[in-house]
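Here the structure comes first, spelled out in structure tokens, and everything after it is commentary.
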Number of protein chains: 2
Amino acid sequence: MQLSSRFTIAVHVFACIEIFKNQYKITSDFLASSINVNPVIIRKLLGQLKEADLIVVQRGSGGANLAKSAEQITLLDIYNAVECVDHGNLFHFHENPNQNCPVGKNIHSALDGQLFRIQSAMENEMKRITIAEIINDIKLKIRENDPSEDSI
Amino acid sequence: MQLSSRFTIAVHVFACIEIFKNQYKITSDFLASSINVNPVIIRKLLGQLKEADLIVVQRGSGGANLAKSAEQITLLDIYNAVECVDHGNLFHFHENPNQNCPVGKNIHSALDGQLFRIQSAMENEMKRITIAEIINDIKLKIRENDPSEDSI
DNA sequence: TTTCGTTGTAACTATTGATTTTACAACAAA
DNA sequence: TTTGTTGTAAAATCAATAGTTACAACGAAA
């Protein structure tokens, strides 16, 4: 099972905010058109990112901006903000193992530590990558593929 | 979004096979009762594990056994066998970013490398853990909590 | 103070995938 | 040929994501 697309959509949102902030007002319609999803999906996502203090959204007049510099925002921050993982656990344990079976009774506690190690390995890697790096990569690709986009 | 419970159920299956193989015939009903799910769920899961050459299942007479030693089976082997991840990708990309937007056009290729690094970190950690270790941990817990289970 | 574009949110639908359940043919050994 | 299993199909249920419409609340600017 794959993780939801909210995470990659959120990264896309950050990239648009940073890259277009001097040219356009970053509304949910603007973002929705770049990402190609319904504006309401974006507004809900922006709500989660705002809740996590990663962005600021103007009511009324409209527009989203980063709440801190792109160097200070990691992929883990974004992941934690939008991926609703049950109690922070990536792995889903089957609910009711038979407590009368020695294995059923002990599997959970025996496995928990190892699953935590695996999840931590993933999260530590996410923590190392900032959206500033991602945005930089995107800008490089744009200059490479579309030198005409001189404003970026 | 969490991964499916098939993975932890599969680990539970391996633990039962190894721990009870000298006492009981390991049928899908036996496993289903320890795990507390429907036997058909187990039979489908056993099918995936068999397909990946991790276990052997006797038709007719019944019973499952490991296809190789527990030291040779890693959590990654099990994960790959049962977690149907699209093209091996943990992360789900939103389908149709706007190709007329410089960000929409380049986000995918710019992000792919980083997502691969994250996923690899997780998979490398999984590769380091064998089910022999897990089974050992479970046996320790059993002796700790139920010294009466002398047969284990 | 009215208008305008926008956000926040509710309500509903659709879709996807996991999970459960019943049923039964195929199978192998006793 | 009986018995206990596995393999598998089909259908039902459930949960989460994803998409859509609608509209009140909001803030700035006319």
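In what follows, chains carry the letters A, B, and so on, assigned in the order in which the sequence lines appear, proteins first and then strands, with residues in each chain numbered from 1.
- When the P atom of C/dT19 is taken as reference, atom CZ of B/Phe7 falls 14 Å away, rounded to whole Å.
- Summarising the geometry, the separation between NE2 on B/His92 and P on D/dA16 is reported as 18 Å, rounded to the nearest angstrom.
- Rounded to the nearest 0.5 Å, atoms CD1 (B/Ile42) and CD1 (B/Ile26) are 12.0 Å apart.
- For the pair B/Gln48 CD and C/dA18 P, the interatomic distance rounds to 10 Å; values are reported in whole Å.
- Each ring-ring contact (aromatic ring centres under 6.0 Å, His included) pair with one or both residues in residues 29-55 of chain B, not counting sequence neighbours, appears once here: B/Phe20-B/Phe30, B/Tyr24-B/Phe30.
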Requested in this report: Check the pair A/Glu125, A/Arg128 against salt bridge (Lys or Arg N to Asp or Glu O under 4.0 Å), reporting the backbone distance first and the verdict last.
Outcome: CA-CA 5 Å; A/Glu125 200 62 31; A/Arg128 282 201 201 99; 2.5 Å; yes
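- The nearest whole Å value for the distance from the CD1 atom in B/Ile42 to the C1' atom in D/dT5 is 15 Å.
- Between B/Phe91 and A/Phe7, the ring planes are tilted. Angles from 30° to 60° get that label.
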Report summary line: Contact string for nucleotides 6-17 of chain C, one letter per nucleotide 5' to 3', B = base within protein heavy-atom range under 4.0 Å, S = sugar-phosphate only, - = neither, reads BBBBBB------
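- B/Ile9 places its CD1 atom 6 Å from the P atom of C/dT19, with the value rounded to the nearest Å.
- B/Ile41 has its CD1 atom 13 Å from the C1' atom of D/dT8, to the nearest Å.
- For residues 17-43 of chain B, the pairs satisfying salt bridge (Lys or Arg N to Asp or Glu O under 4.0 Å) are B/Glu18-B/Lys21, with sequence neighbours left out.
- Between the OH atom of B/Tyr24 and the P atom of D/dT5 there is a distance of 14 Å, given to the nearest Å.
- Atom CG in B/Leu45 sits roughly 13 Å away from atom P in D/dT6 (whole-Å rounding).
- Between A/His94 and B/His12, the ring-plane angle classifies as tilted under the 30° and 60° cut-offs.
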